[in-house]
2 protein chains.
Amino acid sequence: MARTQGSHSEITGPRVREAALQLFAKHGYAAVSMRRIASEVGVQAGALYNYTPDKQALLFSLLRGHMDDLLAARAELRDAGGALVRLERFVRFHIAFHLERPEAVFISYMELRNLEPENFAVIEGLRREYEGQLEAILRQGAAEGVFDVSDAKIAALAVIAMLTGVTTWYRSGGRLSVPEVQQIYWTMVRKAVAA
Amino acid sequence: MARTQGSHSEITGPRVREAALQLFAKHGYAAVSMRRIASEVGVQAGALYNYTPDKQALLFSLLRGHMDDLLAARAELRDAGGALVRLERFVRFHIAFHLERPEAVFISYMELRNLEPENFAVIEGLRREYEGQLEAILRQGAAEGVFDVSDAKIAALAVIAMLTGVTTWYRSGGRLSVPEVQQIYWTMVRKAVAA
DNA sequence: GTCTATAAGCGGATAGAC
DNA sequence: GTCTATCCGCTTATAGAC
């Protein structure tokens, strides 16, 4: 059967999300218009509203998806053993995961303030859940006597800030490979929390 | 002599900058209108243009001022001696300086993408200058044999990311004082780069 | 130095045709 | 599912009165 006139693609939804991700990362949520996203996708602005009720829901969906992906990927990781190996796994995972999706990482941090309060609370909760996992590893290590951290919560935030910072300078095809970056950061983290 | 009707204040200029700083930090440059800044100051939007040629110049001026303050404050610091004491001074300075002006720190990082290319290049240059100072300290320490960093540039970026991260969680009047925070971070940094 | 008024255009979102 | 057309409020910036 013939399609209705404008039905050009079954995958417009994902393309809308991808275009929004790239544009929000590059210019910021508030600076990107729905018309611009539509233009990137190759449709008119009105068509976007088949895929999102409004602009805010589009932003929230991107951030929510990113945090869900992060926690799901982390949950798939083997996470048994002593604190030292658990920490090493966490560090290498965090770097690899974040370097694979720099745009999502960027907006998940930069656009938090553009979320409406209820949406913000959801993302914040997921973020704290992730931070809590690292904090638990550090506490285990302190109990085992292999780590020496005066404040596990602060140490967890400090380590995450350091690791996430790679996304600000890393360029694929640059001087360092991902495994090299992982090694450099793992060495620094290991020493920083060592007993 | 009587003033002309609307001349209510000699300090409107600084108040415009302060209002813009607070609002840009809270909502983002693109999300804040000139009308909103004017409303915060208590004038009409048109009056703002006595103090800035346009909105972009206002943003650039705030970022430029912050980076100039940072480099000037750092230049006033005694900076002689061995790499270990120089690094300790850098770490304590960085934390204290950044915790004193969280809004300026925030926008200096978040609003870079909203700078026009020439303005961006200026701020980026100042930022690199600051990073270069830490890198030089790390190189000195490596030469002295007191530090072991495989890549001084990466290590400098990692340390700065970790230190600047304090602004995302620190709240004045909270559980930890600034000196306590400085001590915790200095301990981690010292160990992370130690030979 | 500040005001009011206005220009000229872009913003998110919707209605209804196809 | 997409289009065109449109509502209407808000945007930056300027002009000219006081």
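Just so we're on the same page: letters track the sequence lines, and every chain starts at 1. Predicted model, so just to flag it, every value in this text is computed and none were measured.
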A.B. asks: Strictly by ring-ring contact (aromatic ring centres under 6.0 Å, His included), give each pair with a member in residues 119-170 of chain A just once, sequence neighbours left out.
C.D. replies: A:Phe90-A:Tyr130, A:His94-A:Tyr130
A.B. asks: If the cut-off is 4.0 Å, is A:Thr12 near the phosphate of D:dG1, judged by side-chain N/O to OP1 or OP2?
C.D. replies: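 A:Thr12 to D:dG1 OP1/OP2: no side-chain N or O under 4.0 Å.
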A.B. asks: Below the 4.0 Å mark, does C:dG11 have OP1 or OP2 next to a side-chain nitrogen or oxygen of A:Tyr29?
C.D. replies: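 Answer is no, no contact under 4.0 Å.
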A.B. asks: With distance as the sole criterion, is a donor-acceptor pair present between the side chains of A:Gln22 and A:Glu18 under 3.5 Å?
C.D. replies: yes
A.B. asks: Should B:Gln44 be listed as having a side-chain N or O under 4.0 Å from OP1 or OP2 of C:dT2?
C.D. replies: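 It does not, given that no N or O in the side chain of B:Gln44 lies less than 4.0 Å from OP1 or OP2 of C:dT2.
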A.B. asks: To the nearest Å, give me how far apart CD1 (A:Ile11) and P (D:dG1) are.
C.D. replies: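 From A:Ile11 CD1 to D:dG1 P: 14 Å.
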A.B. asks: Looking at every strand, decide which applies to B:Val32 at a 4.0 Å heavy-atom threshold: base, sugar-phosphate, or nothing.
C.D. replies: sugar-phosphate
A.B. asks: Distance check: side-chain N/O of B:Ser33 vs OP1/OP2 of D:dC10, anything under 4.0 Å?
C.D. replies: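 Answer is no, no contact under 4.0 Å.
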A.B. asks: Does B:Glu88 have any side chain to side chain donor-acceptor pair (under 3.5 Å) partners at least two apart in sequence or in another chain, and if so, which?
C.D. replies: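 Partners of B:Glu88 by the side chain to side chain donor-acceptor pair (under 3.5 Å) criterion, ordered by chain and then number, come out as B:Arg92.
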A.B. asks: With sequence neighbours excluded, what pairs up with A:Asp68 under the salt bridge (charged side-chain N to carboxylate O under 4.0 Å, His left out) test?
C.D. replies: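 Salt bridge (charged side-chain N to carboxylate O under 4.0 Å, His left out) list for A:Asp68, sorted by chain: A:Arg64.
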A.B. asks: Quick one: does B:Thr187's side chain have a donor or acceptor within less than 3.5 Å of a partner on B:Gln183's backbone?
C.D. replies: yes
A.B. asks: Looking only at side-chain atoms of B:Asn50, point me to the closest of C:dA13, D:dC3, C:dT2.
C.D. replies: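 Among the listed nucleotides, the one closest to the side chain of B:Asn50 is C:dT2.
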A.B. asks: What does the list of N/O pairs under 3.5 Å between the protein and nucleotides 5-7 of chain C look like, with a distance for each?
C.D. replies:
none

A.B. asks: Among the nucleotides C:dC3, D:dC3, D:dA13, which one has an atom lying closest to any side-chain atom of B:Asp54?
C.D. replies: D:dA13
A.B. asks: With sequence neighbours left out, write down each residue that passes side chain to side chain contact (heavy atoms under 4.5 Å, CB included) with A:Ser177, or none if nothing qualifies.
C.D. replies: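 Scan of A:Ser177 (side chain to side chain contact (heavy atoms under 4.5 Å, CB included), adjacent residues dropped) gives A:Pro179, A:Glu180.
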A.B. asks: Between C:dG12 atom C1' and A:Arg36 atom CZ, what is the distance in whole Å?
C.D. replies: 16 Å
A.B. asks: Mind checking ring pair (Phe, Tyr, Trp, His ring centres under 6.0 Å) for A:Tyr29 and listing every partner two or more places apart, or none if nothing turns up?
C.D. replies: A:Phe24
A.B. asks: What's the closest nucleotide to the side chain of B:Val43 if the choices are C:dG12, C:dC3, D:dT4?
C.D. replies: C:dC3
A.B. asks: Output the rounded distance in Å from CE (A:Met34) to C1' (C:dT14).
C.D. replies: 12 Å
A.B. asks: Output the single nucleotide from C:dT4, C:dT2, C:dG11 whose closest atom is nearest the side chain of B:Tyr51.
C.D. replies: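 That would be C:dT2.
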A.B. asks: Can you measure A:Leu23 atom CG to C:dG12 atom C1' for me and round it to whole angstrom units?
C.D. replies: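 About 16 Å, once rounded to whole Å.
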A.B. asks: Can you identify which nucleotide, out of C:dC3, C:dA13, D:dG1, has its nearest atom closest to the A:Tyr49 side chain?
C.D. replies: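 Among C:dC3, C:dA13, D:dG1, the one nearest the side chain of A:Tyr49 is C:dA13.
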A.B. asks: In whole Å, I'd like the distance from the CD1 atom of A:Ile37 to the C1' atom of C:dA13.
C.D. replies: 13 Å
